[in-house]
Structures are given as C-alpha cells and as structure tokens.
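See below for the structure under consideration.
Please read these numbers as outputs of a predicted model, since none were measured by experiment.
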Amino acid sequence: MGTTTSVFITGATGFIGRYVLRNLLDHGCIVFALIRPESKAKRAQLIESLLKHADQSTGQLIFIEGNLAAEDLGLKPEAKTQAKNSDHAFHLAALYDLDASNDELEKANIQGTENLCKCLLSMNYKGQLHHVSSIAVAGDYNGMFTEAMFNEGQTHPHAYHRSKYESERIVRESSLDFTIYRPGSVVGHSKTGFIDRIDGIYYGFSTIKALSKLLPSWVKIPMPKISGGLNVVPVDFVADAITHIALAKRDDQDTFHIVDPSAPSITSLAGTLLKVAGGPALGRMPGKISAPGPVKALAMLPIFKAIKDGFLDEFNLPPEDVFSALNLKVRFDSQNTQEQLESTTVSCPEFKTYAKYIYRYYCDALDPKLHREDFYREKLSGKTIVITGASRGIGQAAAEIAARAGAHVVLIARNADDLTAVTEGIKSKGGKATAYEADLSSYDDIDDVAEKLLKDFDQVDALVHNAARSIRRPIGESLERFHDFERTMRLNYFAPVRLTLKLAPSLLESQGSVVMVLTLGVLMPGPFFGAYLPTKAALDIFGDVLASEYSHRGLHVSSIYLPLVKTAMMAPTKEYADRVDLMTPEKAAFMILDGIAHRRRRVMLPVGRIFNLANQLAPGPTTRVLNLLRRTFPTASENSEFPMEKAIISQSIGGSPI
C-alpha cells in the first residue's frame with residue numbers, strides 16, 4: 001500500500017467511532033471498518049453520511065462484514081487479509097451504558113475485546129492496536145490516578161467499570177503492540193452539542209430543566225460544598241486527541257488519559273448548566289453538613305429508600321446503583337496526553353464554553369417529554385402490543401399512539417362496531433391493527449382470544465390490561481349488592497390474571513412487558529369505591545409477584561397509577577361532570593406507553609407519590625382526612641356535614657374530589 005496508512009477499525013458507527021473515522025479519512029487513510037450485517041439497515045443513514053465524507057476526503061472507506069462475537073470476527077478471507085496488513089487497528093466497539101446488564105457488558109466489552117485480540121494474534125498482526133478504554137478502570141480509587149497506573153488494588157462496584165477494567169487487562173496481557181486511551185465521561189460535540197443517547201450527566205438535565213421552569217434566575221439555591229467532580233469531555237476533543245496521538249510519532253508512552261486537565265467541581269458543573277438553562281443560581285451553604293447517627297439510621301429505613309427511589313423515577317434518573325458508580329474522590333492526571341498535544345491545536349475546551357450547546361441539543365432532540373413519540377418509534381416499532389378495552393377511551397388512545405410508532409396493535413373489546421371503527425381508523429393512517437371481539441368477563445372468551453393470538457402472532461411483546469369496570473357506591477348502600485363485588489373482581493382482576501397466564505410463555509420468550517392500568521386510589525384508598533379499588537389493589541400485587549418471580553428472565557412489569565380520566569366510564573358520575581382537573585385519555589395513554597418504552601416499574605404523577613407517602617407515613621391522619629371528605633361530599637341521599645367547605649372545594653375543582 002506504499003506510504004498510505006491503512007487502518008482496521010471496530011465501532012466505526014458508534015458515538016466516538018464516527019468522529020475518529022472521519023478524522024482518519026481526513027488524514028488520507030484507507031479505512032477498513034468492521035460492521036455487523038444486521039447493523040447495515042439500522043445505521044443506513046449514518047453509513048451513507050460516512051461514505052459521503054470519505055468521497056470528499058483524501059482517504060478511502062471500505063466497510064467489511066464481521067462480528068466481534070464470532071470466531072475470527074466472522075471475517076471472510078479477503079477481509080482478514082485487509083485487517084492483517086493494516087498499519088493500525090482501532091478498537092472502539094464497546095457498550096457505554098451504566099444501566100446495561102452484567103451479561104450485556106460482559107459480551108460486548110470483555111468477550112468482544114478478547115475475540116479481537118485472539119484474531120489479531122492468530123494472524124500474526126504486526127501493526128499497532130489502539131484500544132479505547134475508559135477512566136472507569138480506576139473504579140473506587142481515592143486520589144490521583146496516573147496514566148502509568150492500572151492495577152492499584154481498586155475495586156469496581158459497578159459492572160460497567162469492571163468490564164472496562166477487564167477489557168483493558170486483556171489488551172495489556174496480550175503480546176500485541178498496543179496503545180491505550182482512557183477518555184473521561186464523554187458528552188456531546190463542543191460546537192453542535194450532538195450526542196446519540198441520554199447517559200452520564202444527561203440524566204440530570206430533566207431536573208435542571210424542571211428547576212429552571214420552577215424558579216427564576218435571581219433565586220439562589222443553598223448548596224453544600226461537595227469535594228470532587230465528574231471529568232467530562234466533549235466527543236470531538238476525544239476523537240481529535242486519539243487520532244493525533246495514534247498517527248503522530250511519539251515516545252514509548254502507551255497510556256493516555258483523554259480528560260479535562262481543569263475539570264470543574266460537581267457544584268460548578270451544576271451551576272453552569274443551571275445558568276445556561278436560565279434557572280436559579282447555586283449559593284454556598286454555610287458550614288459542613290453532617291448527619292448525626294440517628295438521622296443516618298433513619299435514612300436506612302425502607303420508607304426513605306422509597307422516597308429516594310420515587311425521586312429518581314419521577315425525574316427519569318437512573319437507579320441508585322448507577323449513582324453509586326460515580327467516584328468523586330478520584331482525579332486523573334494527563335501528562336502524557338498534554339505532552340503529545342502541546343504543539344498542536346488540539347485541546348480540551350472549558351466546560352462553560354460548550355455547556356449551552358449540549359444542553360440545547362438535549363432540549364431540542366433528546367428531552368423524552370418533548371420527543372415522546374420519536375422515542376416510541378425507536379422502542380416500539382415492530383412490536384406486537386395487545387391492549388384490552390381498546391375500543392374507546394384510554395385503550396383507543398394507547399392503540400392509536402402505539403400504531404403511529406410502528407407497533408402492530410392488537411385490540412380486544414366486546415363491542416364489535418367500536419372495534420371495527422378504531423381498527424379501520426388506524427389502518428387508514430398506515431398503521432397495523434388486528435381486532436378480536438371478546439367479553440373478558442367470560443373465561444371461555446379469554447381462552448379463545450388467547451388461542452387465536454398465539455396462533456396469529458409469532459410472539460407478544462406487551463400486554464396492556466386496560467379493560468375494567470368501575471362502580472361508585474358506598475358500602476352502606478351495597479349491603480344487598482354482593483354481585484357488584486363479584487363482577488368487578490371478575491373483569492378487573494381474574495380476567496387480566498387469566499390472560500396473563502395464557503400469554504406468559506410468549507411474553508417471557510420476547511422479554512416483553514405486562515402493564516397493569518391501575519388508579520391513584522390504590523395508593524390512598526378512599527370512600528365510595530369498595531367494589532372497585534380492591535380489584536385494582538389485587539392486580540397491583542399480582543404485578544409485584546410477577547415481577548419478583550420473572551424479572552431475571554427479562555419480563556418487565558409496569559404499574560400505571562392513573563388519576564381521574566375523562567372517559568365514558570366516569571361519565572355517569574354527575575359529581576365529576578364539571579371537574580376541571582381531569583386527565584385526557586391521550587395523557588393517560590402516554591403514561592402507559594412510557595411504562596413500556598422506558599421499562600419503568602411504576603408510573604405515576606407527583607401527586608401519586610404524595611398519596612403513597614402520606615398513607616405510609618401517617619395512615620391514621622390520612623384516614624381521618626378521607627373520612628372528613630366523605631362527610632363533606634356525601635351521596636345524594638345525605639346532607640353534607642360541612643356545606644361551606646363543600647362549596648369552596650367544589651368551586652375550586654369543579655366537583656367532588658372523591
């Protein structure tokens with residue numbers, strides 16, 4: 001190949017890889033990019049843009065099919081020769097996801113690296129391997145972690161950190177000529193803000209946005225001093241630094257920290273983001289905050305864990321174990337990197353110079369609440385989603401939205417005419433829909449529809465239990481109406497349980513979702529719904545048991561706690577007719593589909609968390625308040641004990657709160 005530099009690269013279509021690839025092409029390299037056959041269709045648009053960039057550069061780009069999970073990477077003889085004769089091999093393929101499972105990280109990061117090294121060694125590869133590792137190898141190390149360090153007795157509490165450590169170890173223990181790069185926490189492009197996923201500090205952006213909407217910029221939030229920080233680096237700096245160091249002549253240094261040498265503290269980082277979001281400033285809290293022993297003990301109680309988990313879930317933040325993976329006590333030197341970049345234009349920009357770009361990109365392109373249906377298309381397209389009670393109201397809205405996202409929706413309801421209308425409406429807009437007429441209060445109908453479903457569809461990806469019957473009647477007026485309790489339990493509890501049992505093998509095979517559409521009343525059971533609320537509470541607990549038994553096999557259970565929704569089911573209740581705070585069926589559908597798309601265990605409004613906590617922390621006072629409301633808003637045959645309070649509350653919300 002003469003004086004032209006040739007490169008074999010993995011992970012070329014990944015977030016960092018695409019920028020490294022463009023840099024290599026701009027340097028005139030011939031690049032052989034490994035790509036899995038199944039990725040060609042998924043990443044067609046990106047591949048096209050990379051090929052276009054190659055045409056406009058002095059380099060050449062050739063995609064070769066293969067798979068890091070296969071023996072010899074699944075390379076054909078010609079591709080194997082191209083890889084063997086390349087001057088450089090860049091290994092960027094990895095799973096960068098703190099929320100991924102142990103098995104996923106093991107397969108992608110450890111086994112993938114091991115297979116690559118074995119393949120290169122079997123070919124007697126003479127070029128240099130450039131392995132992109134991570135500062136995550138430092139694990140829980142306390143202090144300055146230098147580029148010369150690796151095994152310093154640190155532990156790795158999180159599976160992601162462990163996988164990066166093990167993959168680097170494999171490279172170090174091989175006989176290959178290697179160079180290792182350890183980027184910090186990679187964020188979006190410093191000029192455009194582009195990033196392809198929500199990860200790292202982006203988990204906090206929804207909170208930044210919420211605070212900015214809630215509080216004006218002149219407000220100062222007191223903040224305790226937090227030592228340490230997160231070393232974040234923009235992706236363009238990471239790619240530029242790796243490319244320059246790899247292709248430039250250098251000394252015998254073999255490890256480089258691609259980090260911000262002047263990384264901001266966690267407080268400064270948060271303050272900068274709040275400033276660019278137009279939110280409140282952070283003020284210094286006087287003195288040090290230290291919780292006394294009894295407070296620390298109380299913080300370990302289950303109720304406080306429930307509060308913390310609820311907060312994380314409400315703001316779409318990752319689970320607690322992801323936060324526990326963040327080590328604020330470690331710092332990273334980058335002497336080798338700075339020496340190599342000293343006489344170049346490549347340097348890490350200050351966070352405050354690009355914070356506005358990465359925040360704006362999040363708001364414009366990634367914010368789940370603004371781009372909900374885009375996210376649904378990514379997660380639900382091609383899935384088979386079964387929805388009961390789908391001929392009207394919440395079920396109809398969920399079916400229509402899921403169909404727009406590319407799912408094949410299966411509608412189950414007892415009214416044939418309504419089913420046909422909804423199904424044809426979905427199909428007329430290009431969606432896929434199949435309808436089954438069934439009365440779910442009939443066990444025979446349930447068995448028949450389950451048999452048809454399993455015959456007509458290869459697998460079921462989600463089962464939404466939406467069909468239900470509600471009865472609003474005091475227990476005192478139900479003394480001779482035991483059949484009310486029987487028929488609500490039959491439809492609201494036994495029917496979804498029976499259908500779940502029938503479809504469970506298919507749902508387990510697809511690692512799908514079972515969605516329980518519940519009510520806020522489960523969290524704080526109030527008056528008048530003695531026949532209805534117990535059925536939903538039973539279904540809630542059935543979901544808990546199902547999740548506890550099968551979550552290790554990938555089955556997801558989502559419990560959706562809805563407030564009052566403006567549907568035909570509540571229309572007969574005249575006390576609700578003028579309520580101004582009713583949720584629309586579309587918003588209720590969003591809560592249901594959020595549970596599936598985000599695989600969230602419990603989905604509820606903030607008021608739901610208040611209800612839940614109030615009932616747990618103060619069950620006695622909560623019951624007294626509900627009893628007062630029952631006496632304030634009695635049935636039509638009774639007089640209110642507190643007419644003035646009734647008038648004030650009715651005027652403010654437009655009807656009865658219970």
Side-chain angles (χ1 to χ4, degrees), residues 6-22 24-25 29-55 57 59-86 88-97 100-101 103-123 125 127 129-132 163 167 170 196-197 239 377-384 405-408 458-459 461 509-512 554:
S6 59
V7 173
F8 172 68
I9 183 171
T10 71
T13 58
F15 180 48
I16 302 174
R18 69 189 71 181
Y19 290 103
V20 171
L21 175 59
R22 290 187 179 106
L24 292 170
L25 293 170
C29 298
I30 297 177
V31 182
F32 302 103
L34 183 74
I35 188 165
R36 290 178 299 156
E38 59 268 27
S39 294
K40 284 188 171 181
K42 291 180 182 177
R43 305 218 166 188
Q45 189 174 356
L46 175 59
I47 291 170
E48 184 180 349
S49 71
L50 292 173
L51 289 169
K52 185 177 180 181
H53 186 93
D55 291 339
S57 72
Q60 183 180 354
L61 174 58
I62 301 169
F63 281 102
I64 57 178
E65 291 188 1
N67 192 332
L68 284 171
E71 186 178 353
D72 284 341
L73 309 186
L75 296 174
K76 295 178 180 178
E78 181 184 359
K80 204 168 182 180
T81 300
Q82 291 166 333
K84 176 183 178 179
N85 294 331
S86 61
H88 300 273
F90 283 76
H91 182 38
L92 290 111
L95 182 57
Y96 301 94
D97 187 355
S101 69
D103 289 344
E104 290 172 321
L105 291 165
E106 167 88 21
K107 184 177 179 180
N109 296 350
I110 301 176
Q111 293 178 11
T113 302
E114 189 170 37
N115 289 343
L116 173 66
C117 289
K118 283 182 179 179
C119 181
L120 294 177
L121 288 168
S122 70
M123 296 188 299
Y125 180 69
L129 171 61
H130 301 274
H131 175 67
V132 180
S163 72
S167 61
I170 290 167
D196 61 351
R197 65 191 183 279
R377 275 188 283 275
E378 178 187 338
K379 296 296 183 180
L380 306 182
S381 182
K383 303 292 186 183
T384 300
H408 188 146
D458 293 334
Q459 67 180 35
D461 298 292
E509 185 178 346
S510 67
Q511 296 190 334

Determine yes or no for a side-chain-to-main-chain donor-acceptor pair under 3.5 angstrom, with Arg22 supplying the side chain and His53 the backbone.
no
Is it true that, when you exclude Gln111 itself, more than 12 heavy atoms of the residues, nucleotides or ligands shown sit nearer than 6.0 Å to its CD?
yes
Could you walk me through whether Leu68 and Leu73 pass the side chain to side chain contact (heavy atoms under 4.5 Å, CB included) check?
CA-CA 5 Å; Leu68 284 171; Leu73 309 186; 3.8 Å; yes
Do Ser86 and Ile9 make a side-chain contact, defined as non-hydrogen atoms from C-beta onward lying under 4.5 Å apart?
no
Would you say that Lys383 contacts Ser510 through its side chain, given a criterion of any heavy-atom pair below 4.5 Å between the two side chains?
no
Residue set satisfying ring-ring contact (aromatic ring centres under 6.0 Å, His included) with Tyr19, at least two apart, ordered chain then number -> His189
Main chain of Thr13, side chain of Arg18: is a donor-acceptor contact present, judged purely on distance under 3.5 Å?
yes
Indicate the ring-plane relationship of His130 and Phe90, choosing parallel, tilted or perpendicular according to the 30° and 60° boundaries.
parallel
Go through the steps for Val20 and Val132 under the test side chain to side chain contact (heavy atoms under 4.5 Å, CB included), then give the verdict.
CA-CA 11 Å; Val20 171; Val132 180; over 6 Å; no
Is the side chain of Asn109 donor-acceptor paired with the backbone N or O of Leu95 at a distance under 3.5 Å, no angle test?
yes
Within the supplied structure, the quantity of interest is the number of heavy atoms (other residues, nucleotides, ligands) at a distance under 6.0 Å from Asp55 CG; does it exceed 12?
yes
Whether Tyr125 side chain and Cys119 backbone form a donor-acceptor pair below 3.5 Å:
no
Could you tell me whether the side chain of Thr10 and the main chain of Leu92 form a donor-acceptor pair under 3.5 Å?
yes
Is any NZ, NE, NH1 or NH2 atom of the basic residue among Arg36 and Glu38 found under 4.0 Å from an Asp or Glu carboxylate oxygen of the other?
yes
Please list all pairs meeting side chain to side chain donor-acceptor pair (under 3.5 Å) that have one or both residues in residues 62-74, counting only residues at least two apart or in different chains.
Lys40-Glu65, Asp72-Lys80
